Number of protein chains: 2
Amino acid sequence: MNYEEAKEKFLQAWGTLGSSWGISRTMAQVHALLLISPDSLCTEDIMKELQISRGNANMNLRDLIDWGLIFRELKAGERKEFFRAEKDIWKVAKQIIKERRKREIEPVLQIMEDLKTMEIEPNNKKHLALLEAVNHIEGVVEKADFALEKAIKLDENALVGALFKLFK
Amino acid sequence: MNYEEAKEKFLQAWGTLGSSWGISRTMAQVHALLLISPDSLCTEDIMKELQISRGNANMNLRDLIDWGLIFRELKAGERKEFFRAEKDIWKVAKQIIKERRKREIEPVLQIMEDLKTMEIEPNNKKHLALLEAVNHIEGVVEKADFALEKAIKLDENALVGALFKLFK
DNA sequence: TCTAACTTTCAAAATAAATTGAAACTTATT
DNA sequence: AATAAGTTTCAATTTATTTTGAAAGTTAGA
C-alpha cells in the first residue's frame, strides 16, 4: 500500500467512525486530514484535498474549532488563516468528553430533576414506573458524570496506570 | 406537571439524547417507552403510543433486540409478541459499550493494523506523520479498549467503589 | 478611502435517512 | 388444508441533513 492509498483509507475510516458518533462524515474527514498533516493547512488546501466547497469547508472548520479539536494559526507574511489539529489523541478524547458532558449530560440531569416534580398517584403502577426510571437514571448519570469529570483531569499515563492497578 | 406531560417530556428527552449518539429518534423513543412501562407492550401498543407505522415499529423493535436492549416476551394464551426493556440503566450502558466495542473499536484496530504496512519514504514528512498518527491512535484505542473490557465485567457498585477510591 | 484577499452566510439543491403501508410471508389453530 | 392472527419486507414517499456556490461581509494594506 502506498502513501496515497493509505491516506485515502485513513480519511475514509475516520469519516465512518465519525458518522456512528453523530459527527458528519465531512467534519470527521477534515479533522482526519489535519491529524495527518505535518504542517497547518488553509481552507483552500482542505477544499482541494477533500473535494468540497468553500462554504462546507468553512463551516466544518468552524465547528471543529468550537469543539476545541483544531486551532487557527497565523503564518508570518500570510493573510489567510491556517488550521492545525491537536495531534495527541488522548487530549482529543478528553476534549470530546468535556464537550459532550456539557452538551448532553447537563441537560439530561436538568430534565430528570424537573421530571421528579411530577404529581403521582401513589398506587398507579405507570406513575411509579416513570418516577422510578427517572430517579434511577439520574443516579447512574450522576455517578458516570463524576467519574468522567475526574478522569479527564488525569493525564493518560496516570489514568491508564490507575486503571491497570484497578483491573489487574 | 401531570403524568402525561412528564411521560411526553421523558420520551422527548430520550429521543434527543439518542439522536446525538447516532441512534434514530424513534428507536430511542421506543426504548424510552418500554423503559417506563411496568408491563411489556405489543407492537400495536407502541404504534398507538408513538403514532408510528407498523413497519417502523417492527424495524426499531428488531434493532433494539439486536442491540440487546429489549427482549421478546410470550404471554400465556396470547399469540402476539410482547416486548420488555432491561430497566437497569447500568446494564443498559454496559450492553451499549459491549456492542459498540464490537462494532467500532475492532474495525478501527483492524484498519490501523493494516495501515501500518504502508510503504514509507523515511524522510518524507507526510509519510512519517501518517504513520505516527496511525501508531499513536492504535496505542490509545488499545488502552481504552482494555479499560472498557474490564469495566464492563464489574458490577455497578464494584466499579463506582473502585473509581471512587481512585479519584478520592 | 479604496481595493483585493479572504471569510462567512444562507437560500436553494442534492443527498441521505427514516417512515409508510400494503403485500408477502409465517405460524398457530380449527 | 384453510383460515386468521401476527410479523416482516421493501419500493415509494416523506423528512432531515448536508452541501453548494454566489453574494454579502470583513479586514489588511496601498
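Quick caveat: nothing in here was measured; it's all calculated off a predicted structure. Lettering of chains follows the sequences in order, A, B, ..., and the numbering in each one begins at 1.
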Of residues 54-67 of chain B, the positions that come close to DNA chain C - non-hydrogen atoms, cut-off under 4.0 Å: B/Gly55, B/Asn56

Under 3.5 Å donor-acceptor, A/Lys80 side chain and A/Lys75 backbone: no

Parallel, tilted or perpendicular, as decided by the 30° and 60° cut-offs, for the rings of B/Tyr3 and A/His127: parallel

Ring geometry between A/His31 and A/Trp14 (parallel below 30°, tilted from 30 to 60°, perpendicular above 60°): tilted

Rounded to whole Å, how long is the line connecting atom [atom1] of [X] with atom [atom2] of [N]?
| X | N | atom1 | atom2 | answer |
| --- | --- | --- | --- | --- |
| B/Asp45 | D/dG6 | CG | P | 12 Å |
| B/Ile52 | D/dT13 | CD1 | P | 22 Å |
| A/Glu78 | C/dT7 | CD | P | 10 Å |
| B/Lys75 | D/dA5 | NZ | P | 19 Å |
| B/Arg79 | C/dT30 | CZ | P | 10 Å |
| B/Glu44 | D/dA5 | CD | P | 12 Å |

Residues in contact with DNA chain D, drawn from residues 12-39 of chain B - heavy-atom cutoff 4.0 Å: none

NZ/A/Lys91: more than 12 non-hydrogen atoms of other groups inside 6.0 Å: no

B/Glu81 side chain, from C-beta outward: closest of D/dT8, C/dT7, C/dT20: D/dT8

Salt bridge (charged side-chain N to carboxylate O under 4.0 Å, His left out) involving A/Glu73 - partner list, sequence neighbours excluded: A/Arg84

salt_bridge(B/Lys153, B/Glu149) N-O dist < 4.0 Å: yes

